[in-house]
There are 2 protein chains.
Amino acid sequence: MSIPAAIPVPKQRMPSGERRAAIVNAAIKLFSQNGFRGTTTKQLAQAVGVSEPVLYMHFATKSELYSAIIETLAERGEQLRSMAARADAEKLDDLAFFRQLAHLLTAWHREDPSRIRLLLYSALDGHELSEMFYQRQVVPFLEVFAAHIRKRVEEGAFRPVDPLIAGRAFCGMLGQYVQSIHVFGIAQSEQEQQAALDEMVHIFMNGVKK
Amino acid sequence: MSIPAAIPVPKQRMPSGERRAAIVNAAIKLFSQNGFRGTTTKQLAQAVGVSEPVLYMHFATKSELYSAIIETLAERGEQLRSMAARADAEKLDDLAFFRQLAHLLTAWHREDPSRIRLLLYSALDGHELSEMFYQRQVVPFLEVFAAHIRKRVEEGAFRPVDPLIAGRAFCGMLGQYVQSIHVFGIAQSEQEQQAALDEMVHIFMNGVKK
DNA sequence: CTAACATTAGTAAGCACTCACTAACATGTC
DNA sequence: GACATGTTAGTGAGTGCTTACTAATGTTAG
């Protein structure tokens with residue numbers, strides 16, 4: 001009985017780029033769980049499945065790796081912006097648009113909770129790239145939102161609210177709720193979450209419309 | 001030439017309680033700035049103005065000190081609850097009440113930003129007392145708020161919103177705004193802050209009222 | 001064969017924490 | 001008031017362990 005050829009034996013030797021990506025992914029996971037200082041290079045090497053010096057072939061120092069993962073995550077944050085922009089282009093009515101954005105934001109963080117945790121960790125650490133992370137992860141989403149509000153205010157459908165403040169208000173409600181789940185560990189069932197989001201969307205809608 | 005008697009040499013020797021309090025205060029400051037792991041016992045001792053063993057006369061381990069400061073801050077959190085409850089007892093109209101709470105929350109964090117930072121740090125660290133901290137710092141405020149909403153819903157002044165979700169929505173808007181200032185370092189002038197709070201209060205008010 | 005990928009076995013520095021000891025105060029006795 | 005006595009608050013100089021990082025060397029794909 002021959003062993004089928006395709007057993008995916010974990011590759012021991014990898015092309016440089018792949019290995020680098022593997023390190024970044026492991027680092028995102030560990031740093032988001034334990035923080036930068038709470039993660040040792042030894043742990044990290046074990047998680048990647050290599051020895052410590054391999055890490056230093058790809059990144060000169062541990063904090064260079066920290067910077068690399070923040071940049072990686074910031075880039076991925078562009079996805080959120082484009083998804084939000086796409087929702088805006090769909091010409092949904094206000095309610096559907098707000099619900100769509102709420103869903104986007106929660107799904108985004110549920111799919112990978114390490115993002116919000118690392119965003120907070122890096123901000124608390126005062127990391128030099130933390131502002132860039134915030135600018136590319138949070139602000140774009142907020143801007144798509146604010147742009148929609150501005151338009152609807154001009155069209156006379158909404159009260160003359162400040163679009164940016166209104167955007168902060170909406171994203172704040174959602175963001176804090178997401179945070180209480182993924183950072184503070186408040187347990188919420190799928191239904192509870194859906195109900196909460198709907199209610200928040202409604203409160204906001206009624207709050208801004210004429 | 002005699003040296004005048006009354007040179008106020010910083011007290012070198014302190015009663016146990018005072019010294020303990022001094023250590024806790026220094027720890028709150030340093031931990032909130034650099035995190036638990038980012039603060040060394042050496043730094044801490046220097047900040048207090050004593051040698052390291054003194055720390056260990058009051059706290060058996062560094063993490064026991066961590067627990068002590070969380071407890072201390074959680075206790076101080078009761079103040080916020082009582083201030084909120086007092087505002088409720090004043091029988092203000094809805095708008096004034098919401099504004100009062102918004103002011104309370106922002107003033108509370110502006111007065112001492114270490115609270116929100118430590119709350120986040122402890123949650124990210126998964127500290128055993130973090131949930132207690134959240135329960136006593138966040139939840140009480142939320143409950144005073146939810147109670148008010150519930151009452152006004154019953155009186156028919158507000159739409160039949162879920163009081164707890166509405167509370168989370170309002171505190172979320174405010175909380176995230178405060179966080180963006182004290183954690184993410186978004187600069188906001190006194191006027192901008194006041195304008196933002198007013199707008200948020202209005203959006204919420206309109207969002208829940210009939 | 002060799003260049004790139006990996007490992008074994010370190011090093012120096014920093015960490016939380018401790019030991020042996022001393023200075024300052026409080027109190028009771030004369 | 002002066003002095004001995006027990007207690008509390010403090011220190012200088014470490015300990016052993018962990019950490020980020022590295023030099024010397026092995027191994028395998030192309």
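Chain A is the first sequence line, chain B the second, and so forth, proteins listed ahead of strands; every chain is numbered from 1.
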Quiz item: What's the spacing between A:Ser32 OG and B:Leu124 CG if we round to 0.5 Å?
Solution: 9.5 Å
Quiz item: Does any residue of residues 42-64 of chain B have a heavy atom under 4.0 Å from DNA chain C, and if so, which ones, in number order?
Solution: B:Glu52, B:Pro53, B:Tyr56, B:Thr61, B:Lys62
Quiz item: Residues in salt bridge (Lys or Arg N to Asp or Glu O under 4.0 Å) with B:Glu78, at least two apart?
Solution: B:Arg136
Quiz item: Taking only residues two or more places apart in sequence or in another chain, which ones pass side chain to side chain contact (heavy atoms under 4.5 Å, CB included) with A:Glu52?
Solution: A:Thr41, A:Lys42, A:Ala45
Self-check item: Base-pairing assignment for D:dT8 (Watson-Crick or G-U wobble, both under 3.5 Å)
Solution: C:dA23
Quiz item: B:Ile181: what forms a side chain to side chain contact (heavy atoms under 4.5 Å, CB included) with it, not counting sequence neighbours?
Solution: B:Tyr177, B:Gln188, B:Gln193
Self-check item: Which residues share a salt bridge (Lys or Arg N to Asp or Glu O under 4.0 Å) with B:Arg115, sequence neighbours left out
Solution: B:Glu111
Quiz item: Who passes side chain to side chain contact (heavy atoms under 4.5 Å, CB included) against A:Thr39, sequence neighbours left out?
Solution: A:Leu30, A:Phe31, A:Asn34, A:Gln43
Strictly under 3.5 Å: I want the nitrogen or oxygen pairs between protein and nucleotides 5-8 of chain D, one per line.
unit_1: D:dT8; atom_1: O2; unit_2: B:Arg13; atom_2: NH1; d: 3.2
unit_1: D:dT8; atom_1: O2; unit_2: B:Arg13; atom_2: NH2; d: 2.6

Quiz item: With sequence neighbours left out, which residue pairs that include part of residues 97-106 of chain A fulfil the side-chain hydrogen bond (donor to acceptor under 3.5 Å, both in side chains) condition?
Solution: A:Arg99-A:Asp198
Using distance only, find each side-chain donor-acceptor pair of residues 139-151 of chain A under 3.5 Å and give its atom names and separation, not counting sequence neighbours.
unit_1: A:His148; atom_1: ND1; unit_2: A:Asp88; atom_2: OD1; d: 3.2
unit_1: A:His148; atom_1: NE2; unit_2: A:Asp94; atom_2: OD1; d: 3.0

Quiz item: Of the residues in residues 20-32 of chain B, which ones touch DNA chain C at a heavy-atom distance under 4.0 Å?
Solution: none
Practice problem: Kindly write out the residues that satisfy salt bridge (Lys or Arg N to Asp or Glu O under 4.0 Å) with A:Glu190, not counting sequence neighbours, or none if the list is empty. | Solution: A:Arg110
Quiz item: Is the phosphate of C:dA6, meaning OP1 or OP2, less than 4.0 Å from a side-chain N or O of A:Arg19?
Solution: yes
Donor-acceptor contacts, no H, no angles, side chain residues 64-71 of chain B, under 3.5 Å, sequence neighbours left out:
unit_1: B:Glu64; atom_1: OE2; unit_2: B:Ala60; atom_2: N; d: 3.2
unit_1: B:Tyr66; atom_1: OH; unit_2: B:Asp125; atom_2: OD2; d: 2.9
unit_1: B:Ser67; atom_1: OG; unit_2: B:Ser63; atom_2: O; d: 3.2
unit_1: B:Ser67; atom_1: OG; unit_2: B:His127; atom_2: NE2; d: 3.4

